[in-house]
Number of protein chains: 2
Amino acid sequence: MRNINPDLRVIRTKESIRHALVELINEKGLEAITVKDITTMAKINRGTFYAHYQDKYDLMIKCEEDIMIDMSKITKQNYPSVIAALETDSQNLAPFSFAVSLFEYLNINSGFMKAVLGPKGDLSFQTRLKQFMWETLYGNNPNAFLKEENFLVPGQYLAAYMGTAIIGVIQQWLESGRKESPQEMARILTNLTVNGPYFAAGLKK
Amino acid sequence: MRNINPDLRVIRTKESIRHALVELINEKGLEAITVKDITTMAKINRGTFYAHYQDKYDLMIKCEEDIMIDMSKITKQNYPSVIAALETDSQNLAPFSFAVSLFEYLNINSGFMKAVLGPKGDLSFQTRLKQFMWETLYGNNPNAFLKEENFLVPGQYLAAYMGTAIIGVIQQWLESGRKESPQEMARILTNLTVNGPYFAAGLKK
DNA sequence: GTAATAAACAACAGGTTGTTCATTATTATA
DNA sequence: TATAATAATGAACAACCTGTTGTTTATTAC
C-alpha cells in the first residue's frame with residue numbers, strides 16, 4: 001500500500017494524531033478543530049503534523065481512504081456468496097450475510113466511524129461512501145447485483161435512496177451506542193430494504 | 001414572527017448577506033467561507049455583519065429556521081387530507097399529495113436548499129431536518145401517521161431509514177438540476193417508500 | 001557505534017476574528 | 001420637509017491560527 005518505512009517514531013506520531021482526531025471530532029466537531037488542537041492533544045509539535053499531512057482535511061482523507069480500502073475487501077470477500085444466493089430462490093437471504101460482515105466491521109472500527117459519520121463528522125465522506133455503495137451494487141461489471149432494465153424508478157434516485165438509507169441506519173446504530181448485535185442490525189436493515197419502510201411500519205398487509 | 005421593524009436598510013443588508021451566503025456555499029462550501037468572504041460579496045462592511053449575526057453559524061441557523069417554519073406550515077396544511085386518505089383503502093395515495101407539496105416548495109427555494117443540503121452544505125441541518133420529519137410522521141400527537149405497536153423494526157431505525165432516504169432523494173434531485181417535475185418526484189419517492197427499494201430495483205416479484 | 005532522519009523548538013508574515021469608536025448616510029415620523 | 005433615530009461605514013486593535021523555514025536535539029536502523 002503505502003511506503004513500507006515503519007520508523008517507530010513515525011508510527012507513534014501518526015497513531016497519536018489519528019487518536020486525537022477522533023477524540024476532537026466527538027468533542028467539538030471536525031470543522032471546529034484546528035491543527036493546533038490536534039497537535040496539543042497528540043502531544044506533538046505542530047511542525048511535525050505538517051511533516052505528515054498538508055492540513056486537517058488531508059489527514060481526514062487519508063484516514064477515510066483506509067476505511068474505504070477495508071470496505072472494498074469485505075465486499076470482495078462477500079461477493080461470490082451473495083451472487084450465488086441471488087440466483088437461488090432465497091433472495092431475501094442474499095444481502096443478509098453481507099450486512100452482517102458490514103456491521104461487524106463497523107463495530108470494530110466504531111470509534112472512527114462514529115466520529116466521521118456522526119452529526120459533527122465529515123459530510124464529504126458520506127458522499128463518497130454513498131458513491132462507493134452504489135458502485136458496489138451496480139458497478140461497471142456485467143454481473144452486478146442490480147440491472148437497470150428492471151428498475152421501476154430512475155437509477156440515480158434508487159441509488160440515492162438506498163445509499164442514504166443504509167448510512168442513516170448505520171449512523172443511528174453508532175449514535176445510540178451500538179446496543180444491537182451486528183446480526184440484529186443486519187436483520188433490521190435487510191427487513192427495511194427488502195420489504196420497504198412502509199411495510200416495516202406496519203402500514204401494509 | 002421576528003421583530004416588525006422593517007427599516008429598509010436592514011432588509012437590504014440581510015437580503016444581500018443571505019444571497020451571498022448561498023452563492024458562497026455553492027462556490028466553496030460552508031466551512032471554507034469566512035465572514036470576510038460574505039461581506040465582500042454582499043458589499044457591506046464587516047462590522048455590519050456582526051451587528052446582525054454572531055458569526056456564520058448564527059447566520060446559517062437563522063436561515064434554516066425560516067425553512068423549517070415553512071415546512072411546518074406545509075405539513076399542517078396537508079395533515080387532514082393525508083389522515084383521511086390513510087383511513088380509506090387508497091393508502092398508497094396518502095403520502096403522494098404531501099410529497100407533491102414538499103417538492104413544489106423545494107423547487108421554489110431550490111437555491112438555498114441545494115446549497116445547504118448539497119455536498120458542501122450543512123451537516124447539522126440534515127440532522128435537524130431528519131428529526132423534524134420523524135416528529136411529523138410520528139409526533140407526540142395521538143393520531144400520528146405511524147404507530148409503534150405495529151412496527152416490525154425498532155422505531156429509531158425506521159425513523160433513521162425513512163428520514164435519510166427521503167433527504168437522499170431530495171439531494172439527488174437538487175444536485176442533478178431538478179429535471180423531473182415535483183409530481184414525478186413524488187411518484188418516485190412514494191414508489192420507493194411504499195414498495196421498498198428492493199421492489200423498485202426489480203428484484204422482487 | 002555511527003549515519004540517517006524524525007521530532008522539537010522558535011520565529012515569521014499573512015490572514016481571520018470579534019470588538020470598538022467616531023463619522024457618514026439613510027430612514028421613519030411628526 | 002425638517003429632524004431625531006438609527007443603520008452602515010471605515011479604521012484600528014489584540015488575539016489567534018496558519019503554513020513555512022532553519023536550527024538543534026533525540027531516536028532509530030543498520
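To find a chain, count down the sequence lines: A is the first, B the second, and so on, and within it residues start at 1.
Remark: P of D/dT6 and CD1 of B/I44 are 20 Å apart, rounded to the nearest angstrom. Regarding A/I38, its CD1 atom lies at a distance of 11 Å from the P atom of D/dG19, rounded to whole Å. We find that NZ of A/K14 is positioned 12 Å from C1' of C/dA6, with the value rounded to whole Å. At whole-Å resolution of the value, OH in B/Y57 and C1' in C/dG18 are 15 Å apart. When the P atom of D/dG19 is taken as reference, atom CZ of A/F49 falls 9 Å away, rounded to whole Å. Atom-to-atom, CG of B/L8 to C1' of D/dT6 comes out at 13 Å; the value is rounded to the nearest Å. Spacing between atom CG of A/D55 and atom C1' of D/dC17 amounts to 13 Å, rounded to whole angstrom units. One can place NZ of A/K43 at 19 Å from C1' of C/dA6, the figure rounded to the nearest angstrom.
Of the side-chain N and O atoms in A/T48, none sit less than 4.0 angstrom from OP1 or OP2 of C/dA6.
A/Y105 meets the ring pair (Phe, Tyr, Trp, His ring centres under 6.0 Å) test with no other residue; sequence neighbours excluded.
Out of C/dA28, D/dA8, D/dT28, the shortest distance to the side chain of A/D7 is found at D/dT28.
Where A/H52 and B/Y50 meet DNA chain C, the nucleotide closest to each residue was compared, and A/H52 sits on the side nearer the 5' end.
A donor and an acceptor atom never sit less than 3.5 Å apart when one is taken from the side chain of A/R9 and the other from the base of D/dT28.
You'll find the ring centres of B/F49 and B/Y53 inside the 6.0 Å limit.
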Report all interatomic pairs (protein N or O, nucleotide N or O of nucleotides 9-16 of chain C) with separations under 3.5 Å.
none

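Within 4.0 Å (heavy atoms only), B/K56 reaches no atom of the nucleic acid at all.
Salt-bridge check for A/E184 with A/R187: passed, with a basic side-chain N closer than 4.0 Å to an acidic carboxylate O.
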**Message:** Let's go through B/R18 and B/D66 carefully: what are the C-alpha distance in whole Å and the side-chain angles of both, what is the deciding distance for salt bridge (charged side-chain N to carboxylate O under 4.0 Å, His left out) to 0.1 Å, and is it a yes or a no?
**Reply:** CA-CA 12 Å; B/R18 293 186 179 210; B/D66 290 347; 2.8 Å; yes

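Of all heavy-atom pairs spanning A/G29 and A/K120, the tightest one is CA-CB, 3.3 Å. The two residues A/G111 and A/N26 make their nearest non-hydrogen contact at O-ND2, 4.5 Å.
Under the side-chain hydrogen bond (donor to acceptor under 3.5 Å, both in side chains) rule, A/D58 has a single partner from A/K62, A/Q54, A/K56, which is A/K62.
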